4 protein chains.
Amino acid sequence: MSGLGKVAGDQLAAVVERIERIEEEIRELAEGKKEIYQEAKGNGFDVKILREVIRVRKQDPKERDEQESLLDVYLQAIKGSSKVAKAA
Amino acid sequence: MSGLGKVAGDQLAAVVERIERIEEEIRELAEGKKEIYQEAKGNGFDVKILREVIRVRKQDPKERDEQESLLDVYLQAIKGSSKVAKAA
Amino acid sequence: MSGLGKVAGDQLAAVVERIERIEEEIRELAEGKKEIYQEAKGNGFDVKILREVIRVRKQDPKERDEQESLLDVYLQAIKGSSKVAKAA
Amino acid sequence: MSGLGKVAGDQLAAVVERIERIEEEIRELAEGKKEIYQEAKGNGFDVKILREVIRVRKQDPKERDEQESLLDVYLQAIKGSSKVAKAA
DNA sequence: CACTGGAAAATGCCGC
DNA sequence: GCGGCATTTTCCAGTG
């Protein structure tokens, strides 16, 4: 070992260890999540839609509505562009 | 019949619940991780570099195995192509 | 240089080069795309929704409707689960 | 007035068009890339390893800069923490 | 408060 | 046709 103070080195090692430990736990949970999806798939559910269900439930309904509305506005705007001016 | 049957519906609800539970746990762990970084920062460590340390350590094992000199990889890539190469 | 036949080696080099060239071009185009999004943002458009517009237009309407329907079915099924049996 | 005005609508349409155009080009290039791999495969190269070659070459420059020995990184990570370390 | 960079999710592709 | 792998895309937190 060359230039680290012992205390600082120990501190660094501890920090790194704690973080890697947590990341490992996260990895395991993510693994479990994947398994649940696979299991659901095996039971006939559509995984893609299932993910969307989770996503939708995550954002509150209000926000959700706003986004959908804006999406509609955009889609409409494109349809109407350079065709009809369409009474605003 | 429209929609899912009662049983399937319950099954679906269970799946969703389990996934959301896991995601909550992951969120908590991620939160903990952030705190560790902040704490380390408070102790004078450079968070950015700290992240780099973690990242490098993560890649380290992989690379050692897969990069045992670029030449080896090339040699492998060529294996079996000597005959064909002439045909080119 | 040690063990590659000249011809095979040249062939390999050519392949690698061509691929890297293409990947470079892709990178540049992706870069351009990002810029367009930024420009749009500067003009007051909501980038997130804009991305969704692109996504929606990519999938044909029929498929799109099916997915939305299924999503509704799932969401309904969860709402109803372990509450009312609801005439199937 | 509901929705976007005509001008904004046209602007939006233009943006969408440009993006879709670029994505199309990217698709074509990606297609070409795939073909090169297939062609190489036909010439006796192992595609999987070929991909690895590309990947390794991509990471190579990065690593050389960022991993000029883990020790350097650690040393940097510690910079300025010697005082604090005592306090721990 | 925009920007960059990094984590997480989603999609697509390949081999079995 | 499915599962795993790799790539791409999306999202979010930190930083200036």
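A quick note: this is a predicted structure, and the numbers were derived from the prediction, not measured. Naming: A, B, ... by sequence-line order, numbering from 1 per chain. Reckoned from all heavy atoms, side chains included, excluding hydrogens, waters and symmetry mates.
- Counting heavy atoms of neighbouring residues, nucleotides and ligands inside a 6.0 Å radius, atom CD of A:E17 does not exceed 12 of them.
- Within 4.0 Å of B:K48, counting heavy atoms only, lies no atom of the nucleic acid at all.
- The interatomic distance linking B:E31 (CD) with E:dA7 (P) rounds to 16 Å, in whole Å.
- A salt bridge links A:R64 with A:E68; the closest basic N to acidic carboxylate O contact falls under 4.0 Å.
- For the salt bridge (Lys or Arg N to Asp or Glu O under 4.0 Å) with C:E20, the lone residue among D:K33, D:R57, D:K58, D:R55 that qualifies is D:R57.
- The interatomic distance linking C:I22 (CD1) with F:dT7 (P) rounds to 15 Å, in whole Å.
- Comment: D:E24 does not engage D:R21 in a salt bridge, judged by the lack of any side-chain N to carboxylate O separation of less than 4.0 angstrom.
- An angle of 10°, rounded to 10°, separates the two end axes of the helix from E:dC1-F:dG16 to E:dC16-F:dG1, each defined over five pairs.
- Rounded to a whole Å, the CD atom of B:E20 is 13 Å from the P atom of E:dA9.
- The nucleotide whose nearest atom lies closest to any side-chain atom of B:K41 is, among E:dA10, F:dT15, F:dC11, F:dT15.
- Taking 4.0 angstrom as the limit, D:R51 places none of its side-chain polar atoms (N or O) nearer than this to OP1 or OP2 of F:dT7.
- Whole-Å rounding puts the A:I49 CD1 to E:dA9 P distance at 18 Å.
- Nearest-nucleotide assignment on DNA chain F puts the 5′-proximal partner with A:R55, out of B:V47 and A:R55.
- For A:Q38 and C:Y37, each mapped to the nucleotide of DNA chain F holding its nearest heavy atom, the one lying further toward the 5' end belongs to A:Q38.
- Distance, B:E52 CD to E:dA7 P: 12 Å, rounded to whole Å.
- Distance A:L29 CG to E:dA7 P: 18 Å, rounded to the nearest Å.
- Residue D:K34 places at least one side-chain N or O closer than 4.0 Å to OP1 or OP2 of E:dC13.
- A:I54 places a side-chain heavy atom less than 4.5 Å from the side chain of A:Y37.
- In this entry the distance linking CD1 of A:I54 with C1' of F:dC11 reads 17 Å, nearest Å.
- Taking atom CD on C:E23 and atom P on F:dA6, their separation rounds to 15 Å, with Å as the unit.
- The only member of D:E25, D:E31, D:E23 that meets side chain to side chain contact (heavy atoms under 4.5 Å, CB included) when paired with D:R27 is D:E23.
- Of all heavy-atom pairs spanning B:G9 and C:S81, the tightest one is O-CB, 3.7 Å.
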